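Predicted, not measured: the structure shown is a model, and the values here were computed from it. We use all heavy atoms of the structure for the numbers below, so side chains are in, but hydrogens, waters and symmetry mates are not.
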Amino acid sequence: MPFDLSFIWAGLIAFAVLTYVILDGFDLGIGILFPFAASDSQRDQMMNSVAPVWDGNETWLILGGGGLFAVFPLAYAVVMPALYMPIILMLLALIFRGVSFEYRWRSTHKPLWDAAFFGGSAVAAICQGIALGALVQGIEIENRAYVGGWFDWLTPFSLTTGAALAVGYALLGATWLIAKTEGSLQARMRRYAFGLGIATLVLIGAVSLWTPFQDAVYFERWFSFPGSLWTMLVPAVMLLLTLSFFSGLRNHHDFQPFLSALGMFVASFIGIGISFYPMMVPPALTIEEAAAPDSSLAFTLVGAAVLVPLILAYTAYAYWVFRGKVNPDEGYH
């Protein structure tokens, strides 16, 4: 039973993190693209496209972090000291971003809040990528505690993953705006999406080629049978998604580029999961070792079984209500 519950919870947390990346990724990407809008009116459209859903998207970040604290306390106790700096910077950036989202409409100093919205979005995205890179490269553990240095998270690999995630989020933001807007803003984002798509694929390729050399376990998993099957399958899926993405842009489809970009993120996330499994904190802490007692796992799972479907239903309903294009003057129509 402990085996089953710990792996069920690992799957739930992975699902929450992936859902956060998918939903809040384009949200952060819009903030990253904010300075590149042609006018204040276009920035209003960009913000209106996510105004009804942006705060709900971040629910999944809370669920992932809270779930880690509740059901994998050892992993939480190891990861937090190792990644204090990028996580604190990310949270502060999200606060600035949220405040700017509300105050921009009420203040006479729009450029100040525009800068805060851009800065908060960019810093949050980069810090998330850096934290991911630091986790992939491994956290030094001894006697069930973090024993590394204060800046172990700051490496060329983690900086590359930070840049990759920020560029990828900008791609999601551009494709979201292609789907949700019309006219000059849509045309501008279609142009941006082409370059961002190429940059994202290059960075994904660089990180993917670099990852197996971060740990011998990764290398063996990806380049020995049966793991080598995934080595062939994941690039094949990425190729199909790439063709779908660029054909959608070329044929002026509204949603195809966005869905294809989301698929790239899902495929990349699956690749990370293949590298990690069954580790909770690479290279030494497994899912079973990091899990809370069986009674805690069972108790919290009951709550998750009630809350997760409710959050999914609320999220789906919000996106359904605010489907369609954003009117430059009135919001959704």
Side-chain angles (χ1 to χ4, degrees), residues 20-58 61 86 89-130 162-200 203 249 254 257-258 261-262 265 319 322 325-332:
Y20 169 77
V21 169
I22 288 174
L23 294 182
D24 209 39
F26 66 81
D27 194 337
L28 291 168
I30 287 172
I32 294 170
L33 292 170
F34 224 54
F36 305 100
S39 64
D40 202 48
S41 174
Q42 286 193 355
R43 282 186 282 273
D44 289 345
Q45 280 183 263
M46 292 166 72
M47 194 168 268
N48 276 330
S49 74
V50 293
V53 296
W54 74 272
D55 47 355
N57 292 342
E58 294 182 356
L61 180 63
L89 288 175
M90 177 195 73
L91 294 175
L92 290 173
L94 290 175
I95 291 170
F96 271 97
R97 183 175 175 277
V99 170
S100 65
F101 210 110
E102 299 299 331
Y103 276 79
R104 182 179 182 273
W105 304 105
R106 296 168 174 82
S107 173
T108 56
H109 304 289
K110 268 191 173 182
L112 172 65
W113 297 113
D114 287 351
F117 187 61
F118 163 71
S121 301
V123 171
I126 292 169
C127 286
Q128 287 176 17
I130 287 175
L165 194 64
V167 172
Y169 280 173
L171 173 65
L172 290 181
T175 54
W176 169 261
L177 291 170
I178 291 170
K180 302 298 285 185
T181 64
E182 297 173 315
S184 60
L185 178 57
Q186 185 189 56
R188 176 178 288 265
M189 290 302 146
R190 188 172 280 114
R191 292 195 303 270
Y192 287 168
F194 184 85
L196 287 168
I198 294 173
T200 299
L203 286 166
L249 287 180
D254 283 356
F258 179 63
L262 287 181
F265 270 77
Y319 278 89
F322 294 101
K325 299 285 187 177
V326 177
N327 187 309
D329 301 316
E330 300 176 1
Y332 279 85

Using the side chain to side chain contact (heavy atoms under 4.5 Å, CB included) criterion, which residues pair with [X]? Sequence neighbours excluded.
X: Leu61; answer: Tyr20, Met90, Leu94
X: Leu165; answer: Gln128, Tyr169, Phe265
X: Ala179; answer: Phe255
X: Ser100; answer: Trp113, Ala116, Phe117

Checklist line | side-chain contact (heavy atoms from CB on, under 4.5 Å) between Val53 and Asp27, worked out | finding: CA-CA 9 Å; Val53 296; Asp27 194 337; 5.7 Å; no
Notebook entry, point to check: Sequence neighbours excluded, which residues qualify as side-chain hydrogen bond (donor to acceptor under 3.5 Å, both in side chains) partners of Ser121?
Noted result: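 By the side-chain hydrogen bond (donor to acceptor under 3.5 Å, both in side chains) rule, Ser121 matches Arg97.
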Item checked: For Asp40, side-chain hydrogen bond (donor to acceptor under 3.5 Å, both in side chains) partners two or more places apart ->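 So Asp40 forms a side-chain hydrogen bond (donor to acceptor under 3.5 Å, both in side chains) with Arg104, Lys110.
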Do you know which two heavy atoms are closest between [X] and [Y], and how far apart they sit?
X: Ala124; Y: Ala93; answer: N-CB, 3.7 Å
X: Leu172; Y: Ala261; answer: CD2-CB, 3.7 Å
X: Ser49; Y: Val326; answer: CA-CG2, 3.6 Å
X: Leu177; Y: Met46; answer: CD1-CG, 3.7 Å
X: Gln42; Y: Ser184; answer: NE2-OG, 3.2 Å
X: Gly168; Y: Thr200; answer: CA-OG1, 3.7 Å

Next item on the list: Look at the side chain of Lys325 and the backbone N and O of Thr181, then say whether any donor-acceptor pair between them is shorter than 3.5 Å.
Entry: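 Yes, Lys325 side chain to Thr181 backbone: donor-acceptor pair under 3.5 Å.
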Next item on the list: Look at the rings of Phe26 and Trp176 and say which category their plane angle falls in: under 30° parallel, 30 to 60° tilted, over 60° perpendicular.
Entry: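 Phe26 vs Trp176 ring planes: parallel.
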pair [X]-[Y]: side-chain heavy atoms closer than 4.5 Å:
X: Arg190; Y: Asp254; value: yes
X: Leu33; Y: Leu196; value: yes
X: Val123; Y: Leu92; value: no

[atom2] on [Y] to [atom1] on [X], rounded to 0.5 Å:
X: Asn57; Y: Asp55; atom1: CG; atom2: CG; value: 8.0 Å
X: Leu89; Y: Ile126; atom1: CG; atom2: CD1; value: 10.5 Å
X: Trp54; Y: Leu28; atom1: CH2; atom2: CG; value: 10.5 Å

Notebook entry, point to check: What do the steps show when you test Leu112 against Tyr103 for side-chain contact (heavy atoms from CB on, under 4.5 Å), and what is the final call?
Noted result: CA-CA 10 Å; Leu112 172 65; Tyr103 276 79; over 6 Å; no
Check: Do Ile178 and Phe258 pass the side-chain contact (heavy atoms from CB on, under 4.5 Å) test, and can you show the C-alpha distance, the side-chain angles, and the key distance before you say yes or no?
Finding: CA-CA 8 Å; Ile178 291 170; Phe258 179 63; over 6 Å; no
